[in-house]
Protein chains: 2
Amino acid sequence: MGNPLPRDPIADAQRNWERHGWGDVAAPMAAITAIMRTQQILLARIEGVLKPFGLTFARYELLALLSFARSGALPMNKASALLQVHPTSVTNAVDRLQDAGLVVRSPHPTDGRTTLIELTAEGRTLAKSATAALNTEVFGQSGFASQDVDQLIGILGKFRRNAGDFAD
Amino acid sequence: MGNPLPRDPIADAQRNWERHGWGDVAAPMAAITAIMRTQQILLARIEGVLKPFGLTFARYELLALLSFARSGALPMNKASALLQVHPTSVTNAVDRLQDAGLVVRSPHPTDGRTTLIELTAEGRTLAKSATAALNTEVFGQSGFASQDVDQLIGILGKFRRNAGDFAD
DNA sequence: TCCAAACCCTTGGATGTCCTAGTATATTGC
DNA sequence: GCAATATACTAGGACATCCAAGGGTTTGGA
């Protein structure tokens, strides 16, 4: 999409903020902008690895979640809560995964409102392969130093708890 | 979108990874997933603040970038490079900002291929107001401790340079 | 000089996310 | 027991992002 810039655009933005008298919030602004950009870079890497499997990150996440469920099945609302995305996003992902034969919808045995998403054998196999690829090509070469990984987990964990993600 | 979960879903995922024998990449996986989720939370906050201004984050970023350019104008390819998004995303954003009367397209004086994006007076005013709101309601209450902000800027800066964002 | 290669922007298509209903099923309260 | 409320999923629309392809403009080497 582009070649390296001569200078860090986020550091430039931070300087602009300071120059305009917003020095008190310049650093948080830079940190937040850096998070946005880092997410973009990581997502691109992940999608690149998943593409050969015919998966996107959203679909992979759902597949992986199901593969960790004992029964290989979850109610849609549960999946929505655990993945922390809007229910309509799950509907969308399930539609496509079902078209690809990786999951099937089945009615909940006791609650007529609820739909279960169930992994097919093919889906389970693909999830395993895709996870192996991600482990090798992304998580295993994240570009973060080991102690930085720990820092990130700690800092972002605090933030997420504070933001109301979980009570723990 | 959802209530707090009883437990941290990312910590659970990390435990799942370890349980399946992928302990060597479990931590980077958790860190990367945390970045994805944090970005989602921050984006939602930002968009919430910008909504009353009729702006999205993508449009705000372009507006802010223009407001820092001396002349208040930039070539589209320059904007694309600085914002680090695909050129078509800039086309999209400019279309909508132009419909809203916040920017105008004008031909480049010497290069017939290039289109300049220029801030209107109205655009400049709105950018100022929106920035003030973001500073107060998001960056000023980021939820990150001061030393964590510095950590993030450092760690993510290293990562972005390493990923080829900038040479600096 | 002149044509091929490089560059710039836009259009069209695929995905994902969220929001706002709308339909169907459960649960609650009187 | 029945109406009111809550919950679950889906349909349609608005946005943003990327990729692939197309048409116009410049540049540079033969």
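Convention: sequence-line order gives letters A, B, ...; per-chain numbering from 1. Bear in mind the structure is a predicted one, so any value in this text is a computation, not a measurement.
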Polar side-chain contact A:T88-C:dC19 base: donor and acceptor under 3.5 Å: yes
Qualifying side-chain hydrogen bond (donor to acceptor under 3.5 Å, both in side chains) pairs with a residue from residues 119-128 of chain B, counting only residues at least two apart or across chains: none
Spacing of CG belonging to A:N77 relative to OG1 belonging to A:T115, to within rounding of 0.5 Å: 9.5 Å
Rounded distance (Å) that lies between atom P of C:dG16 and atom CG of A:D99: 12 Å
With sequence neighbours excluded, residues passing salt bridge (Lys or Arg N to Asp or Glu O under 4.0 Å) with A:D150: none
Atom-to-atom span, CD1 of A:I46 to P of D:dC18 - whole angstrom: 15 Å
Interatomic distance, B:H108 NE2 vs C:dC9 P [rounded to whole Å]: 9 Å
Results of side-chain hydrogen bond (donor to acceptor under 3.5 Å, both in side chains) for A:R7 - residues two or more places apart only: A:D12
Proximity to DNA chain C (any heavy atom under 4.0 Å), residues of residues 111-119 of chain B only: B:R113, B:T114, B:T115
Phosphate contact (C:dC18 OP1 or OP2) by A:S89 side-chain N/O below 4.0 Å: yes
Nearest-Å distance for atom pair CD/P, residues A:Q39 and D:dA16: 16 Å
Only pairs under 3.5 Å count here: list side-chain donor-acceptor contacts from residues 57-65 of chain A, not counting sequence neighbours, and write none if there are none.
residue : atom : partner : partner atom : Å
A:Y60   : OH   : A:T131  : OG1          : 2.8

Rounded distance in Å - CG (A:N92) to C1' (C:dC19): 14 Å
Heavy-atom pair of closest approach, residues A:Q84 and B:Q40: O-NE2, 3.0 Å
Contact list for residues 148-168 of chain B, test ring-ring contact (aromatic ring centres under 6.0 Å, His included), sequence neighbours left out: A:F144-B:F159
Those residues that, when tested against B:F68, pass ring pair (Phe, Tyr, Trp, His ring centres under 6.0 Å) (two or more places apart): A:W17, A:H20
Whole angstrom value for the distance that separates P of C:dT17 from CG of B:L42: 17 Å
Under 3.5 Å: donor-acceptor pair, side chain of A:T136, backbone of A:A132: yes
Contact nearer the 5' end of DNA chain C, comparing B:K51 with A:E47: A:E47
Of all pairs that satisfy ring-ring contact (aromatic ring centres under 6.0 Å, His included), the ones with a partner from residues 23-42 of chain A, not counting sequence neighbours: none
d(CD1, B:I41; P, C:dC18) in whole Å: 12 Å
Stem regions touching DNA chain D, defined by at least 3 consecutive Watson-Crick or wobble G-U pairs below 3.5 angstrom: C:1-30 with D:1-30
Residue mapping more 5' on DNA chain C - nearest nucleotide basis, B:T91 or A:R96: B:T91
DNA chain C contacts among residues 58-79 of chain A, heavy-atom distance under 4.0 Å: A:A58, A:R59
Salt bridge (Lys or Arg N to Asp or Glu O under 4.0 Å) partners for B:R160, two or more places apart: A:D8
Integer-rounded Å distance: D:dA14 C1' and B:D95 CG: 15 Å
Any residue meeting side-chain contact (heavy atoms from CB on, under 4.5 Å) with A:D111, in chain and number order, not counting sequence neighbours: A:H108, A:R113, A:T114
